[in-house]
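Since the structure comes first, as structure tokens, the remarks are kept for the end.
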Amino acid sequence: MNSNEIMQAAEDHLIHTYNRYKIVLDHGDGAYLYDIDGKKYLDFGAGIAVFAFGYNNKEFNDALKAQVDKLIHTSNFFYNEPMAEAAKKLTEAAGMDKVFFTNSGTEAIEGALKLAKKYGFVRDGRTDHEIIAMGHSFHGRSMGALALTGNKHYQEAFGPMIPGIKFAEYNNLDSVKELVNDKTIAVILETVQGEGGIHPAKKEFIEGVRKLCDEKGMLLMLDEIQCGLCRTGSLYAFMQYGITPDVVTTAKALGQGVPVGAFMARGEAAEALVPGDHGSTYGGNPLGATAVCKTLEMFETHNLTDHVNKITPVLEAALNDLVAKYDFVTERRGMGLMQGIVVTISQADIIKKSLEEGLILFAAGADVIRFVPPLIITEEHIAEMKEKLIRVFDNI
Ligand SMILES: *Cc1c(COP(=O)(O)O)cnc(C)c1O
């Protein structure tokens with residue numbers, strides 16, 4: 001099929017939940033993607049903060065290929081080595097006690113939500129517990145995750161939402177305190193809000209929520225599905241805040257494109273779910289678990305957090321230059337290689353024209369252009385991105 005035939009076949013047969021760009025991607029290499037006609041794109045989206053090591057990484061691919069030839073799937077009724085190794089490596093690295101592997105981020109949230117409800121049920125036998133989530137949050141598209149997502153537009157057609165979810169204002173501790181009552185069992189937030197527009201949590205906010213959770217016996221659940229896994233310069237972003245959550249959700253970069261996510265817990269919360277409470281046919285299968293093991297191993301062998309910390313100021317400086325140069329670019333914010341610039345002109349125009357220039361960018365929130373490149377990017381990639389973006393901005 002040529003590119004038009006491919007796009008037509010996709011539009012004819014896929015449920016239309018995405019307005020796709022008219023580009024048919026074919027293969028990737030490092031920080032670059034190539035379409036079916038050979039056009040090259042510098043990728044500052046990384047498949048939505050997924051490809052930490054870039055595309056077609058031989059070391060990673062070889063590990064997957066070896067596992068494909070050995071065992072892809074068994075069910076969760078048996079043990080296998082990758083499952084055990086991934087669980088050990090991930091929980092130890094994250095400072096958590098236990099993990100449950102899922103196939104996606106939204107399922108990790110779904111599981112964390114059930115864990116919180118069960119934790120409350122074990123404690124007092126009630127089922128009317130409340131959970132506090134944040135405005136402008138994003139936790140996924142399944143019904144539980146959607147109920148926690150502070151975006152009315154996403155929820156509108158799908159009510160009723162599961163009851164007992166209240167929304168506080170992100171980075172406003174008082175707004176959280178106001179919602180706490182004797183039924184509140186957990187607070188969930190993204191350590192750095194992603195889809196909502198790249199908002200890092202303020203240190204006082206996270207510290208305050210941690211303290212509040214300790215005082216009231218509530219679980220602090222951090223969604224690190226986008227900001228976790230070295231993206232902000234530490235394995236998980238919360239590690240830079242000097243606090244430890246009770247529950248962490250993780251996905252996106254966890255399998256480098258192999259669909260795998262997880263929720264982790266520590267202490268009493270890690271013991272809340274028991275046989276019969278939760279399950280998954282695929283979750284943590286040998287292929288997914290191999291991807292997790294290899295990802296965590298390569299973070300270490302490639303000193304990826306060091307690299308992220310070294311390269312972050314270069315990206316920040318490049319984006320700061322754009323803020324200084326164009327009056328329609330009003331602000332830069334972010335943490336590590338999860339950055340955004342606020343624009344007062346159309347996000348869609350910028351993204352479309354960037355694609356024409358061979359640069360892949362995603363939007364976030366209503367007015368933010370998001371930069372979540374592969375973590376292996378170099379100064380040269382950043383210079384190339386800036387050059388392309390200057391051409392876009394000069395012609396807009
Ligand atoms: C992407 C994302 C999710 C949902 O993950 P999926 O794998 O798309 O289901 C949940 N929370 C955050 C913070 C995300 O960025």
Side-chain angles (χ1 to χ4, degrees), residues 15 17-18 20 44-52 94 99-116 131 133-151 153-155 158 161 165 167 170-171 186-201 206 220-232 235-238 245 247-264 280 282-284 288 291-292 295 334-340 361-365 368 370-373 375:
I15 291 177
T17 57
Y18 283 96
R20 292 180 162 80
F44 268 62
I48 317 190
V50 166
F51 273 95
V99 60
F100 182 101
F101 287 110
T102 67
N103 310 295
S104 68
T106 198
E107 285 170 85
I109 294 290
E110 212 66 32
L113 183 59
K114 281 179 72 179
L115 184 151
I131 294 176
M134 301 295 140
H136 302 293
S137 60
F138 182 83
H139 297 293
R141 304 292 200 152
S142 56
M143 288 307 298
L146 188 60
L148 295 168
T149 291
N151 184 327
H153 173 68
Y154 287 170
Q155 295 182 341
F158 304 101
M161 294 291 116
I165 313 293
F167 288 94
Y170 194 70
N171 275 332
V187 179
I188 183 164
L189 60 110
E190 294 154 88
T191 317
V192 182
Q193 283 194 332
E195 304 301 312
I198 315 294
H199 292 275
I206 291 240
L220 173 57
M221 310 209 289
L222 292 183
D223 180 352
E224 294 238 3
I225 289 169
Q226 188 161 161
C227 63
L229 297 163
C230 295
R231 178 146 298 276
T232 65
L235 182 67
Y236 286 101
F238 70 76
V247 176
V248 187
T249 57
T250 183
K252 288 197 164 82
L254 187 61
Q256 304 296 304
V258 177
V260 55
F263 62 96
M264 293 181 268
S280 168
Y282 285 147
V292 174
T295 297
M335 203 168 151
L337 294 183
M338 184 171 176
Q339 296 282 336
L361 293 170
F362 296 129
V368 173
R370 167 169 38 173
F371 300 80
V372 285
L375 303 184

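Atoms within a ligand are numbered from 1 in the order they appear, just like the ligands themselves. In this text the structure is predicted, and so the values were computed from the model without any measurement. Below, all heavy atoms of this structure are taken into account, side chains as well, without hydrogens, waters or symmetry copies.
The two residues N103 and S280 make their nearest non-hydrogen contact at ND2-OG, 3.5 Å.
Which parts of ligand 1 touch Q226 is read off a 4.0 Å heavy-atom cut-off, strictly below it: atoms 15 (O). Under a 4.0 Å criterion applied to the non-hydrogen atoms of E190, ligand 1 contributes the atoms 13 (C).
Rounding to the nearest 0.5 Å gives a distance of 4.0 Å between CD of Q226 and CE of M338. Expressed to the nearest 0.5 Å, how far CD1 of I206 lies from CG of L222 amounts to 5.0 Å. The OH atom of Y154 sits 8.5 Å away from the OG1 atom of T149 when rounded to the nearest 0.5 Å.
Ranking the protein heavy atoms by distance from atom 9 (O) of ligand 1 puts T106 N, 2.8 Å first. From the protein, the heavy atom lying nearest to atom 5 (O) of ligand 1 is G105 CA, 3.3 Å.
With D223 as the fixed residue, the side chain to side chain donor-acceptor pair (under 3.5 Å) test singles out one of T249, T191, T250: T249.
Distances from atom 14 (C) of ligand 1 to the heavy atoms of K252, E224, Q193, E110 show the closest one on K252. Among L254, D223, L148, the residue whose heavy atom sits closest to atom 13 (C) of ligand 1 is D223.
Ligand 1 has no nitrogen or oxygen under 3.5 angstrom from a nitrogen or oxygen of G140.
When the shell of 6.0 Å around CZ of F167 is examined, it contains more than 12 heavy atoms from other residues, nucleotides or ligands.
Contacts with ligand 1 closer than 4.0 Å are made by side-chain heavy atoms of I225 only, the backbone lying farther away. With a heavy-atom cut-off of 4.0 Å, H139 touches ligand 1 through its backbone alone.
Under the 30°/60° scheme for interplanar angles, the aromatic rings of F100 and F263 are found to lie parallel.
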